[in-house]
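Below: one structure, written as structure tokens.
Chain identifiers are assigned alphabetically (A, B, ...) following the order of the sequence lines, protein sequences preceding nucleic acid strands; residue numbering begins at 1 within each chain.
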2 protein chains.
Amino acid sequence: MSTVSRVLNGSPDSRVTEGVRRRILAAADELDYSPNLYARGLALGRGLHITVCTWSAVTHLSAQRAHEIHTAAVATDRQVIAIDGAALSSPYELLRLLTSQLPAACVFVSGGWRPDTIEPVVTTLHERGVYCLVVDSSWPLDPTTPCDTIRADRTQGAALGVSHLIDRGHRHIALVSLLRITGRLEGYEEALSAHGISERYIAPLDPDIPYRDDVALTECARQQTCQLIEESPQLTGLFCSSDVLAVAAMGAVRDLGLRVPDDVAIVGFDNDTFGAFLPIPLTTIEHPLDEFREATTKLLAGRLDGEDGPWRRERVDYRLIKRATTAIPEAHN
Amino acid sequence: MSTVSRVLNGSPDSRVTEGVRRRILAAADELDYSPNLYARGLALGRGLHITVCTWSAVTHLSAQRAHEIHTAAVATDRQVIAIDGAALSSPYELLRLLTSQLPAACVFVSGGWRPDTIEPVVTTLHERGVYCLVVDSSWPLDPTTPCDTIRADRTQGAALGVSHLIDRGHRHIALVSLLRITGRLEGYEEALSAHGISERYIAPLDPDIPYRDDVALTECARQQTCQLIEESPQLTGLFCSSDVLAVAAMGAVRDLGLRVPDDVAIVGFDNDTFGAFLPIPLTTIEHPLDEFREATTKLLAGRLDGEDGPWRRERVDYRLIKRATTAIPEAHN
DNA sequence: TTGAAAGCGATACCAC
DNA sequence: GTGGTATCGCTTTCAA
């Protein structure tokens, strides 16, 4: 019955007698009524839910972001469909899934998505009336892509870490990183150049290490760091592309009989939980999770509420967390 | 058109001429046809998707499990709807969301769900024809609950860790744990009793520490461990309910000028990534993720395929990962 | 202000 | 084997 629909959806110009209204709500409550999602979707020609496409749902960061969106969704009484990119058989699959769902909004989360896979999907979805939001992509999207984006500039993050080492007086600074990680090398270069430092020391972790094989990666980092320091004993600073790598690098420094931070200072990346609890708490770069959350929630809520305006390209910044691995050595000069 | 439907769904007794079949498939391909989820759901009276209800989507374990289900889903060409328990406003909300979706299967993932919230939901869903699977609940469910379950027995996990310390010759062993975590205390008791050890040393981490405040928790663990060892210097073994706590406990041991593992041996829990990379790699208890995955995938696939039979109560076991924090001290006796 | 009726797009029954 | 047709539950338009 149409009146019922009007009441239950709080239709815009709800011209319903208060008495009828109350009776309907009471009945719905009594019968434990819950609307059939499919009928509604069919009538509306689209879903009311938000779809979250994570590149890989297992990483902590993705999970964290997905959670933020769930929270935003509940706030607007919407369901969430999750698509786990890592489980997809092909990028084409993504578009197929999305068009057969046709959500109200689609959020692409996290770094792995490449612009060339996302952009066409976003374009198609936008044509079909789906609002798209891309959160934390590693690479900037084409400015004409019809969606909002929220990004932290990876180069800024890396530069922040390296600059901190320079501030602490270090001049011979190495980069310990998978070079395939976006922005690390660029940030390293940028910070050193800005301070007129020309020496470069790079531990290019084996590019053949399979994705997510943390054990192999760490072992490799340890070896390469050892070798790097032996070859260039003037090194006093290490910037590592993750906290796990930083722990490995600390191991290497210990192996060589050197001390952290007195002989070698170390900066990690990610602000992983364990960093604060290490014997020598780790200085690291923090992802601005709260800013991501805030921007995500605000954009989603606004756009789903019909808010118009040009596509936003929001930027949030990484933050430095100073801890003991870059402490200035006690004055025992 | 019915024939089209028959072809596209590979209907059971697909009595369709090969020529027609091919033409339909070709047309579908050409038109880039993707079936409307809502129409299908409406006609079928239910969804074809799998709903995953995580207690809290942000923890690594939940995310990992959710990923397994995504993978299983893709394998059977199903979509996944995720419900993040942590984002729900009330437990009642859960049932409302689920009945308005009516998935083909519903998987409850991870420890936080209490039997008394899950059981009625499962029962209702089952009445409506939804297959339910409960993975890794902290507490065993009522045996009559109409669903399959896969559990690792938390008591077994804790007992495993404590027994290992006993095997290593320790007799004065402390438990460092939030007591609200299921099974830790029981496993501790069980293992000690089984070896006729009567001494108990417990650091009952402040029960008022807010959920997921790792920093406060760790600080508290460090202090309490310190105090415990000072009061009972005969202590030589610590069993901690998580790897993060174990790191804090190691800090306490260091603070007291004692050595790990020579003076005090430590066992953690979770096999977190960082454990292997600590200066003294951490002995810990590993969640049997692969067994969970295997059992989950098999049950889901089978049941969705119409497999009948009594409800299963599968059990998987935690595993001990031996590392340096419980190494037998070099023979310098 | 309310209700009747026409879809939305797929499925499944039932004649052909 | 194939295709017409009622049907699923809800929204929306249009008359009453």
Separation of [X] atom [atom1] from [N] atom [atom2], in whole Å?
X	N	atom1	atom2	value
B:L37	C:dG9	CG	P	14 Å
B:R40	C:dC8	CZ	C1'	16 Å
A:Q101	C:dC8	CD	P	22 Å
A:L48	D:dG9	CG	P	18 Å
B:Y33	C:dG9	OH	P	10 Å
B:L42	D:dT7	CG	C1'	8 Å
A:L31	D:dG9	CG	C1'	15 Å

Item to check | Nucleic acid contacts - residues 124-132 of chain B versus DNA chain D, non-hydrogen atoms under 4.0 Å | outcome: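 Those residues whose heavy atoms fall under 4.0 Å from DNA chain D, taken from residues 124-132 of chain B, amount to none.
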Next on the checklist: If you go through the side-chain atoms of B:R21, does one of them form a donor-acceptor pair with the base of D:dG1 closer than 3.5 Å?
Outcome noted: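 Flag unset: no donor-acceptor pair detected.
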Next on the checklist: Once hydrogens and angles are ignored, does a donor-acceptor distance under 3.5 Å link the base of C:dA5 to the side chain of A:S2?
Outcome noted: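 By the distance-only test, no, there is no pair.
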Next on the checklist: Counting the atoms with a prime plus P, OP1 and OP2 as sugar-phosphate, which does B:T3 contact under 4.0 Å by heavy atoms, base, sugar-phosphate, or nothing?
Outcome noted: base
Checklist entry - A:V20 near the nucleic acid: base, sugar-phosphate alone, or nothing, with a heavy-atom cut-off under 4.0 Å? => result sugar-phosphate
Item to check | Side-chain touch B:S137/B:V134, heavy atoms, less than 4.5 angstrom | outcome: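 Yes, side chains in contact.
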Quiz: residues 22-32 of chain A side-chain donor-acceptor pairs under 3.5 angstrom, not counting sequence neighbours:
unit_1	atom_1	unit_2	atom_2	d
A:D32	OD1	B:Y92	OH	2.5

